[in-house]
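To start, the structure under review is shown below, and the notes come after it.
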Amino acid sequence: MTTEPSQIRNFSIIAHIDHGKSTLADRLIQLCGAVSDREMVDQILDSMDLERERGITIKANTVRLDYKAKDGKAYVLNLIDTPGHVDFAYEVSRSLAACEGSLLVVDASQGVEAQTLANVYQAINNNHEIIPVLNKVDLPAAEPERIQQQIEDVIGIDASQAVMISAKTGLGVPDVLEAIVTRLPAPKGDRNKPLKALLVDSWYDTYLGVVVLLRIIDGELRKGMRVKMMGTGGSYLIDRVGVSRPKKEVVASLGPGEIGFFTAAIKEVADTRVGDTVTDEKNPCAEALPDFKEAQSVVFAGFFPVDAAKFEDLRDAMGKLRLNDASFSFEMETSAALGFGFRCGFLGLLHLEITRERIEREFNVDIITTAPSVIYNINMRDGTKLTLHNPVDLPDVMLIDTIEEPWIEATILVPDEYLGSILKLCEDRRGRQKQLTYVGNRAMVIYDLPLNEVVFDFYDRLKSVSRGYASFDYKMIGYEKGDLVRMGILVNAEPVDALAMVVHRGRAEQRGRVMCEKLKDLIPRHMFQIPIQATIGGKIVARETLSAMRKDVTAKCYGGDISRKRKLLDKQKEGKKKMRQFGKVEIPQEAFIAALKMDEN
């Protein structure tokens with residue numbers, strides 16, 4: 001019971017964070033009657049509590065809707081709800097490749113933002129038909145005419161036919177459904193060709209193993225077939241084929257243009273890579289679909305349990321998360337200061353934050369995160385090349401020829417009055433300005449920035465200097481040589497490996513000073529004096545001294561000769577000196593967490 005391709009419409013919704021993407025999806029699902037009123041919840045496609053709380057989409061989700069149009073025909077609409085955040089850009093690009101059109105949702109009071117742009121250009125690159133939709137037109141601050149003009153100026157697509165809606169109240173949503181049927185193209189595909197399908201997403205189900213979401217391009221997918229993944233080479237026997245309405249529903253087969261899922265007792269999500277091509281093992285298609293690539297970790301950080309006894313629990317939690325998230329990678333590491341833990345790789349900072357929150361919530365393990373770092377390429381004097389994930393492993397300076405660091409191209413959209421502070425922020429972070437253009441009263445700035453300056457707290461600083469109005473999006477552009485050094489921290493002449501970082505030579509002194517001042521406030525005073533130093537190689541670039549707690553030994557002397565007091569003070573001094581030789585400094589866990597949250601005043 002496969003549907004004719006001419007009756008199918010595959011579309012995704014693209015929007016900036018908080019422009020009403022999931023709310024519009026809710027209304028479309030309600031209007032098509034896919035979910036009864038009793039089962040309806042807000043953001044029905046966002047299955048994780050974390051997604052609902054933060055109002056962001058993390059996993060791509062799909063739903064099949066049956067819609068009877070005004071022309072009397074019944075259509076099948078496949079909606080793919082994509083993440084909006086830059087970290088998941090590759091997944092978004094694959095989800096868009098599975099569709100023929102997109103709804104571009106723009107907030108009628110805020111206008112076009114950075115991620116709207118990034119995702120819209122991806123949709124245009126996939127030859128999508130784009131329907132502009134202006135959301136929140138019921139708000140008093142809405143200016144639909146101005147935003148229509150802005151869409152035309154910034155993105156360059158015709159917005160005169162834009163659909164005016166309010167997803168919250170349901171105003172204008174039926175017009176969106178009509179526009180999808182009339183203005184978006186139907187999928188093309190040949191049922192008689194060998195099976196060729198695009199793997200859009202996959203997730204782990206405790207009972208069924210890995211559930212694979214895919215879009216059929218050519219051929220037919222039936223239960224009992226043996227399919228082969230062309231990218232990873234695995235072959236599997238299909239147990240069940242189905243569609244999501246959003247409840248899972250088993251069907252006999254899927255034909256060209258349809259989006260559905262299959263299960264085949266696959267053990268790990270890592271075996272089913274997003275963007276891979278699925279084909280029939282006996283009768284494979286001639287060539288795989290283009291643009292398939294492995295998920296690359298961009299940011300690395302160490303995860304350590306706060307309580308060392310919870311290490312095994314953390315290991316289990318990591319293993320279970322890896323089942324559901326193939327882009328997350330980890331390996332064991334040990335630290336003198338923090339004990340046993342893991343070095344983890346992430347797609348970006350949001351991915352890191354979400355993973356950390358999921359471990360703390362779903363598995364109830366409290367963890368400490370070390371400073372995020374990026375991957376450096378190191379060219380050695382003897383001609384060999386190394387990749388460095390952890391600043392602690394940086395080889396001796398004398399053996400290194402050059403160090404290369406990753407750079408990104410950042411697009412920032414910001415209201416005019418905050419432009420000065422944004423430019424200053426980018427210049428401070430060693431940025432190079434490429435372009436500055438105006439659209440109405442908003443500036444669009446394009447900067448090249450080193451990723452290592454962005455992973456710390458760039459996003460937080462950007463939001464605070466622009467009072468939350470600036471929006472930011474980036475893409476990797478490659479590696480460049482930089483004058484980079486490893487800055488270590490010594491506490492009482494002992495190196496603290498968890499606080500080591502790779503920094504630019506020009507900023508090392510400032511970074512070191514900030515770090516030492518911070519640690520001075522965070523480490524509790526001991527009975528002896530503690531020097532806190534920042535070093536580059538053998539050179540000390542910054543120092544703070546934490547003074548000792550002193551007992552007033554001269555309190556019992558009233559009057560008397562000075563030599564009497566001197567004798568007592570000298571005795572105390574000797575004791576302190578001995579203590580400093582043998583004493584160990586306990587650095588509390590909070591000090592690590594706070595020291596790694598760099599904020600430049």
Side-chain angles (χ1 to χ4, degrees), residues 1-13 25 28-29 32 34-35 44-45 47 59-67 74-82 91 94-101 180 184 186-205 207-230 236-266 269 271-281 285 289:
M1 179 216 90
T2 50
T3 316
E4 272 307 305
S6 61
Q7 303 306 108
I8 301 176
R9 298 288 183 272
N10 297 324
F11 67 99
S12 64
I13 304 180
L28 295 176
I29 290 169
C32 294
V35 176
I44 189 160
L45 292 179
S47 48
K59 288 291 280 176
N61 234 318
T62 174
V63 60
R64 179 179 170 125
L65 306 172
D66 294 319
Y67 173 62
Y75 289 90
V76 170
L77 310 180
N78 287 310
L79 155 64
I80 298 187
D81 188 19
T82 56
E91 274 123 75
R94 293 332 321 130
S95 300
L96 292 177
C99 304
E100 283 79 37
I180 290 167
L184 294 186
K188 297 180 180 68
D190 186 347
R191 180 161 307 216
N192 303 318
K193 281 189 177 173
L195 172 70
K196 183 188 212 174
L198 169 71
L199 199 153
V200 180
D201 201 4
S202 57
W203 61 92
Y204 189 79
D205 181 293
Y207 302 107
L208 303 170
V210 176
V211 182
V212 178
L213 179 67
L214 79 176
R215 148 80 203 262
I216 312 288
I217 312 280
D218 290 322
E220 205 171 0
L221 182 77
R222 290 179 307 280
K223 182 181 168 177
M225 276 174 88
R226 269 201 92 80
V227 293
K228 182 178 180 213
M229 310 280 177
M230 293 180 87
Y236 307 98
L237 182 71
I238 291 186
D239 287 341
R240 65 173 70 196
V241 176
V243 293
S244 153
R245 298 176 179 261
K247 279 194 176 144
K248 304 282 174 269
E249 190 176 297
V250 178
V251 295
S253 66
L254 292 171
E258 291 193 274
I259 295 178
F261 68 85
F262 74 81
T263 62
I266 305 171
V269 173
D271 301 332
T272 54
R273 302 267 166 74
V274 172
D276 204 344
T277 309
V278 181
T279 187
D280 189 348
E281 194 182 32
C285 58
L289 295 160

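In this text the structure is predicted, and so the values were computed from the model without any measurement. We number each residue from 1, following the sequence as shown.
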Point to revise | Min side-chain heavy-atom separation I180-L77 under 4.5 Å | key: yes
Check your understanding: Heavy-atom distance under 4.5 Å between the side chains of P256 and K188, does that happen here?
Key -> no
Check your understanding: Any side-chain heavy atom of C99 within less than 4.5 Å of one from I80?
Key -> yes
Review point. Do L79 and I13 come close enough that some side-chain heavy atom pair is under 4.5 Å?
Key: yes
Review point. Nearest 0.5 Å, what's the CG-NZ distance between D218 and K193?
Key: 5.0 Å
Practice item. Nearest 0.5 Å please: distance from the CD atom of E220 over to the CG atom of D190. Key: 11.5 Å
Point to revise | Under-4.0 Å salt bridge between R240 and E249 | key: no
**Study point:** S202 vs V210 side-chain heavy atoms within contact, under 4.5 Å
**Key:** yes
Exercise for review: Check whether any side-chain heavy atom of T263 lies under 4.5 Å from a side-chain heavy atom of V241, and answer yes or no.
Suggested key: no
Practice item. Could you check if a side-chain atom of Q7 sits within less than 4.5 angstrom of a side-chain atom of V76, using non-hydrogen atoms only? Key: no
Review point. Does NZ in K248 sit with more than 12 non-hydrogen atoms of other residues, nucleotides or ligands closer than 6.0 Å?
Key: yes
Review point. With a 4.5 Å limit on heavy-atom distance, are the side chains of V63 and I29 in contact?
Key: yes
Check your understanding: For L184 and F11, which heavy atoms make the closest approach, and how far apart are they?
Key -> CD1-CB, 3.6 Å
**Study point:** Residue pair G260 / L254: nearest heavy atoms and the distance that separates them
**Key:** CA-CD1, 3.7 Å
Practice item. Could you give me the CA-CA distance, side-chain angles and deciding distance for L65 and Y67, then say whether side chain to side chain contact (heavy atoms under 4.5 Å, CB included) is met? Key: CA-CA 6 Å; L65 306 172; Y67 173 62; 5.7 Å; no
**Study point:** Salt bridge R64-E258, side-chain N to carboxylate O under 4.0 Å
**Key:** yes
**Study point:** Pair K228 + E281, salt bridge at N-O below 4.0 Å
**Key:** no
Point to revise | Presence of salt bridge, R245 and D66, under 4.0 angstrom | key: yes
Point to revise | Gap between atom CG of L199 and atom CG of L214 - 0.5 Å precision | key: 6.5 Å
Review point. Which is it for F262 and L213 under the side chain to side chain contact (heavy atoms under 4.5 Å, CB included) test, yes or no, and what are the steps along the way?
Key: CA-CA 7 Å; F262 74 81; L213 179 67; over 6 Å; no
Check your understanding: When rounded to the nearest 0.5 angstrom, what distance separates OH in Y75 from OG in S6?
Key -> 7.5 Å
Review point. Can you name the closest pair of heavy atoms from R215 and V200 and give their distance?
Key: N-CG2, 4.0 Å
